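Fair warning: this is a prediction, and the values are worked out from it, not measured in the lab.
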Amino acid sequence: MLKIIKISLFLLFISPIVLAQQSSIYTHDLKEYDKAVALYKDKQYQSAQILFENVKSHNSNQEIQSDCAYYIANCAIRLNQIGADDLIERFVEDYPTSTKQNQAYIEVAHYYFEQGSYAKSLEWFDKSKETSMSYEDQEKYNFQKGYSYFITKNTTEASKYFNKVLNSKTYGSQAKYYLGYMSYESDDYQNASQYFDQVQDKDKYKEKMGYFQADMNFKLGNFQKAIDIGLEQLPKSNAIEKSELSKIIGESYFNLKQYDKALPYLLDYKGKAGKWNNTDYYQLGYAYYQQKDYENAIAQFNKIINGNDFVAQNAYYHLAESYLNTNKKQEALNAFKTASEMEFDLKIQEDAFLNYAKLSYEIGNPYQSVPEVLNAYLAKYPNNANKQEINNLLISSYITSKNYAEALVLLEKNKAPENKLAYQKVLFYRGLELYTDSNYKEAYNLFIKSISENKDQKFTARATFWKAETEYNLDQYNEAMLSFKQFVGYNEASSTPEFKNVNYNLAYSYFKLKDYDNAIKYFTDFLAKVTNDNVRKTDAYLRLGDCNFISAKYWPAMDAYNKAIENEKCKCRLCCFSKGN
């Protein structure tokens, strides 16, 4: 019994000492823990991590150990230690009842967000839950998650989270700005303007929005407003923004057809990544063109390389116009040809083809014959208002190229009053071709038609002469004689190339009719005037001799034969040109 009492007294004595020691150890650990928390908040993560590990290893309290594990993992994240992510996951697994579990995920997400690792931030945001957060923490969570989605270009999710903080005093303006920007990027300018208008009084965003608002108004066709905003924004902008704003202002003036004002701003544009595209060159060239500065217009239009679109077609057309205005017609022909071969703007294509056809007629065409070009135009645009003009050019081109057969076909189909004169001439020239080919009957018909048109007295007279020639070759000597006399009766006859030979031809007609007296008269009249035609002169002397010989006028006959010999000094009695046999 005494022994039991002694032991009890010993335990009674020792217990307070043990409890005091335990309390002292716990208090010491709490101080170390608080010191570690202070270091963590002071962003001294390495030192804090060491203290938390020490406290965790020497303290058996589950809550203290849980909190230490939480901070150890967070320090590892902030120190970019290998396996830091695993420490967070292990903390969640080891302490499933910890109140810091969700906070651990969110803290890591916030940390990666602040480091600019938005994709990594989203991984941890997706592991966390919005429940059990304060209102301020929820706002921060929603904004940062929305911004992370915005940066990673998931605009649908970004909009969802930004919309949750639209009315936030802290994040509302930022959310509206980014919602406006996303609307701007998706060409939803109405919503973009509404969002931007709500934050335009915030200095932080005002300068950024100036460019967007100028660009939006430009794209909406509000060109004057785009100019006003752009001009206001220009002095506040950096070099890249100034270049883009200059483009917006210049192109807005361009669309308002104020080309003189557009020029300096279009010139100040530096291009995307320092390079201009075909549209940039076209707009500057066209502005010069409208100012009648054709040389500069040509220089800009010629910078459009390998263009095969609406812009290129317009550029080639106005390049051709610029060449025309500087009297470079061959270059204009080439540019019109290129524009006419593009189908992006059918009106420009048609007009370019018209100009190409007209220029081909005027200066010639190195690619194909002028009639081919004109016919191609008429085939492609049969109902064009310029059809008659092109028809006339086509007829003229046939005449110029002496393609009378095709010209006649065309004129037979188009007997407009203004074509009557051309028709008479073509009938005459085609008749001459047939006559030369010894197709006297068809030639005769065309000469008759040419005479009946009677639009030009000279051609009427000439057709009468060749009608007589055709009749002679058809052995219709009496008709030929009458036609030759009819020719002589025209006032315009003396100015024709045929007039010098009419007496010679009349003499032959009488000779064939055996009317030798009249034959002698007209051969004599011909010989009295002929000068440079030795062939006909010799032949006329021979025929004159024949007529006198047949008429028993031997001395005149002898005299004529002697003159033939003297003129030709040959023994050949009949010249190859002679009408006689």
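- Here Y429 and F459 bring their ring centres to under 6.0 angstrom of each other.
- Taking the six-membered ring for Trp and the full ring otherwise, the centers of F301 and Y281 sit at least 6.0 Å from each other.
- Within a 6.0 Å radius of CG in N532, other residues, nucleotides and ligands contribute 12 heavy atoms or fewer.
- Taking the six-membered ring for Trp, Y289 and Y259 have ring centres at least 6.0 Å apart.
- F428 and S450 get closest at one heavy-atom pair: CB-OG, 3.7 Å.
- Between F212 and Y184, the two ring planes are tilted [angle within 30° to 60°].
- By the 4.0 Å N-to-carboxylate-O rule, E244 lies too far from K247 to be salt-bridged with it.
- Using the six-membered ring where Trp is involved, F162 and F143 have ring planes that are tilted, between 30° and 60° apart.
- Partners of S148 under the side-chain hydrogen bond (donor to acceptor under 3.5 Å, both in side chains) rule, at least two apart in sequence or in another chain, do not exist in this structure.
- With respect to the salt-bridge test (charged N to carboxylate O, under 4.0 angstrom), the residues D525 and K529 do not qualify.
- Across every non-hydrogen atom of D309 and M342, the tightest pair is O-SD, 4.2 Å.
- By the 4.0 Å N-to-carboxylate-O rule, K145 lies close enough to D126 to be salt-bridged with it.
- Inspection of the N454 and Q457 side chains reveals an N or O donor paired with an N or O acceptor under 3.5 Å.
- Counting non-hydrogen atoms of other residues, nucleotides and ligands closer than 6.0 Å to NZ of K164 gives a total above 12.
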Q | F465/N505 under side chain to side chain contact (heavy atoms under 4.5 Å, CB included): CA gap, chis, key distance, verdict | A | CA-CA 10 Å; F465 177 91; N505 289 27; 3.4 Å; yes

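- Geometrically, K176 does not engage F196 in a cation-pi contact defined by less than 6.0 Å to the ring centre and at most 45° from the axis.
- Not a single salt bridge (charged side-chain N to carboxylate O under 4.0 Å, His left out) links E321 to another residue, sequence neighbours left out.
- E453 has no carboxylate O lying under 4.0 Å from a charged side-chain N of K449, or vice versa, which leaves the two without a salt bridge.
- The nearest pair of heavy atoms linking I395 to A407 is O-CB, 4.4 Å.
- Within 6.0 Å of NZ on K402 lie no more than 12 heavy atoms contributed by other residues, nucleotides or ligands.
- Under the 6.0 Å cut-off for aromatic ring centres, Y286 and Y282 qualify, their centroids lying closer than that.
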Q: Start with the C-alpha gap between Y265 and Y269, add the side-chain angles, then the distance that decides, and say whether ring-ring contact (aromatic ring centres under 6.0 Å, His included) holds.
A: CA-CA 7 Å; Y265 294 100; Y269 177 57; over 10 Å; no

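- Using bins of under 30°, 30° to 60° and over 60° for the plane-to-plane angle, the ring pair F150/Y181 lands in the perpendicular bin.
- Here the two rings, on F526 and Y504, have centers that are under 6.0 Å apart.
- Applying the salt bridge (charged side-chain N to carboxylate O under 4.0 Å, His left out) criterion to E389, with sequence neighbours excluded, gives K358.
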